[in-house]
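Taking it in order: structure first as structure tokens, then the write-up.
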Amino acid sequence: MSTAPSEFMAKVRQTTPLVHHITNYVTVNDCANVCICAGGSPVMTDAIEDIDDMVSIASATVLNIGTLNERTVDSMVAAADCAAAVGIPMILDPVGAGATAYRTSVAEALMDLGPSVIKGNAGEIGVLSGLGGDVKGVDSHGSQDAAEAARSLAERMGCIVVATGEVDYVSDGQVTLRLSNGCGLLGKVSGTGCMLSSVVGCYAGACGASVESMAAAISAFNVAAEIASGNCRGPGTFKPALLDALDSLDAATLDSKARCEQL
Amino acid sequence: MSTAPSEFMAKVRQTTPLVHHITNYVTVNDCANVCICAGGSPVMTDAIEDIDDMVSIASATVLNIGTLNERTVDSMVAAADCAAAVGIPMILDPVGAGATAYRTSVAEALMDLGPSVIKGNAGEIGVLSGLGGDVKGVDSHGSQDAAEAARSLAERMGCIVVATGEVDYVSDGQVTLRLSNGCGLLGKVSGTGCMLSSVVGCYAGACGASVESMAAAISAFNVAAEIASGNCRGPGTFKPALLDALDSLDAATLDSKARCEQL
Amino acid sequence: MSTAPSEFMAKVRQTTPLVHHITNYVTVNDCANVCICAGGSPVMTDAIEDIDDMVSIASATVLNIGTLNERTVDSMVAAADCAAAVGIPMILDPVGAGATAYRTSVAEALMDLGPSVIKGNAGEIGVLSGLGGDVKGVDSHGSQDAAEAARSLAERMGCIVVATGEVDYVSDGQVTLRLSNGCGLLGKVSGTGCMLSSVVGCYAGACGASVESMAAAISAFNVAAEIASGNCRGPGTFKPALLDALDSLDAATLDSKARCEQL
């Protein structure tokens, strides 16, 4: 990679991007806090009356369908339209796509509104790519080839695709990166995928959406998780430790620990 | 008891039941995390379009009326109907029944849809049993006889009833157990009752709803709370410690610490 | 001041006021827990069918527009009307007023329903006072003169106004206090402003809304934050430590550390 991950992190922290979210009520507090610890400023609003005013002053919008309903889906469409109009990145987290017909159809509808980044687990990206994936509830049970799913979906949609799992893949359809940081405790805490989407929103908002900026976002989050896993006693104390670690992550640690290879 | 609590715990951990929730937005994150730490896999969705698909793949559904509204009550009814149709346990947590007429009427309507378990605090169960209970806001101020309230409600409804308080009672109308684990910090954290309902959902989903399986769920949660009370400095650090303790609870500790007597 | 802050704290703890909230889904769990740790009993409900029954048994109602929508705004209006009818304090937290037209208009509509306390950050109070303020998303970027904004808004509305920031101001239009406790970590955690509103609700509910009772609420919260900042490793572990510190705050510490001067 030509740019060190820490250069993206520095830009996020310097510019404090305002990241608008329409996200689920299960993990929204963790999304807000991780956004702050990543260097951004979160704002959550899903009232249709609020969307244009708020998205217009934001640096990115994150649309997460974790607890979607008819009202908030309408607001997500409005946010996507506004993001396109004002030229800021829209990040789509298609939580549970493949688990229910409703989620799959909403995810596909939002995909058509020009996301800059689609970030899901391997199962969700597998489903949306058309290559197939296994999603039970909101958890991935894998896909046959997450790297190829990310690559082909990115190529088709003309955007960045992130497929997460034990290893994570980022692709723009041409360049595909394999990222191998993180720790097992990430799978024992609800919402770590949602939290990563908020971090992605910060990096896309501050640095634009590219394979390299997205890799930096993922590496920062996952390296912080590795540090946190040494400062906790289980899943409950891991989450506060993760926020602490991301907030205090320094450039040298990030760049030396980030494990990234091009496929 | 003929079966050790740890045998139920082992079955939950081996089978990782998918536990669907329609629950309140106050404590939903804690419910998701405690579900994982108990050995289950949580999924929260309350969109009517999603209910049949999601409940059909779940092992149990938990309906908690903590922040009910017209839309989510409709979805709870749909979830209860689907649970009955596919034959999975429905767990009802009638939060605040007795405090307002709306909550009481919704709780009674959901009671008529065939719950496998009704789990409330002593005040709520007292109200629903018809024997009387004192509920202020969402907190119980006790009932005259929680054991008898649980027993009589269980007998009338033909299901398991759990009435929580300083001591907890589980009854199927014939056998009534008195459980006396737990610690004072449980009353200093919002949502510990909701969290217990999620643990109950895991155990009912994996093991079926019986007096013994419910006693095991309650004992696991409350023994973990006892351990956590020694690993914290107050209500704030107690909650993460509780999740840690439940996640790492071992069979010998659970079986030796669980205090259960038949009335 | 004629009454020590700890005297108000003692009254809250002795009376355990039931504090009704209609608040945002981002920070609602923190509001519930801080309410308990401050000495109150929280209840959250936003169903229109529930409002009259619940507000009628409450000691105060806190209306926070952090994630407002048409349905919950209607319920806020009903809660404000009921609070006025039964004679309990209504506390308004106009989150994001000034950031969007919708938020500003809803805040102004609720201001007309007789709040006992309006508590916002300096930017929001600046906007609502008409003197001007800078609000980006839900964060204040300051106002020219927060003390004068608080004073003039209090005078115009005939209520208590709290304007928070690095220093906090409380005014009833005649007496204006400057409070200078707190710590930088409060700005690194989402929802500390919302949490303060819940503490304000406890103190207004138990002690009535006065410049002195509000100063006591703010001092208790901010002194706890100072203590917590020495018991954590960053923003993630700060929040549980803050709850612990507020729960265990003793009278001598509060009275000796509280920094308050009349302007």
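What you see is a predicted model; the values in this text were computed from it and never measured. Numbers restart at 1 for each chain; the letters A, B, ... are given by sequence-line order, proteins then strands.
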What are the two closest heavy atoms between [X] and [Y], and how far apart are they?
X: C:K188; Y: A:D247; value: NZ-OD1, 2.6 Å
X: A:I36; Y: C:S190; value: CD1-N, 3.5 Å
X: C:L68; Y: A:T45; value: CD2-OG1, 4.4 Å
X: A:M44; Y: C:R103; value: O-NH2, 3.7 Å

Student check: side-chain heavy atoms of C:K239 and A:N33 closer than 4.5 Å: yes
Part of C:D30 lying under 4.5 Å from any heavy atom of chain A: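 For C:D30, the side chain is the part near chain A, not the backbone.
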C:R233 side-chain N/O to A:N231 backbone N/O, donor-acceptor pair under 3.5 Å: yes
CD of C:E70 to CZ of A:R71: how many Å apart, nearest 0.5 Å?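 The CZ atom of A:R71 is 9.5 Å from CD of C:E70, to the nearest 0.5 Å.
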A:R259, CZ: over 12 other non-hydrogen atoms inside 6.0 angstrom: no
So which of A:D53, A:D244, A:V43 has the largest heavy-atom pair count under 4.5 angstrom toward chain C?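 With the most close heavy-atom pairs to chain C, the winner is A:D244.
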Using the side chain to side chain donor-acceptor pair (under 3.5 Å) rule, pick out the option among A:D46, A:T23, A:T67 that qualifies with C:Y25. A:D46
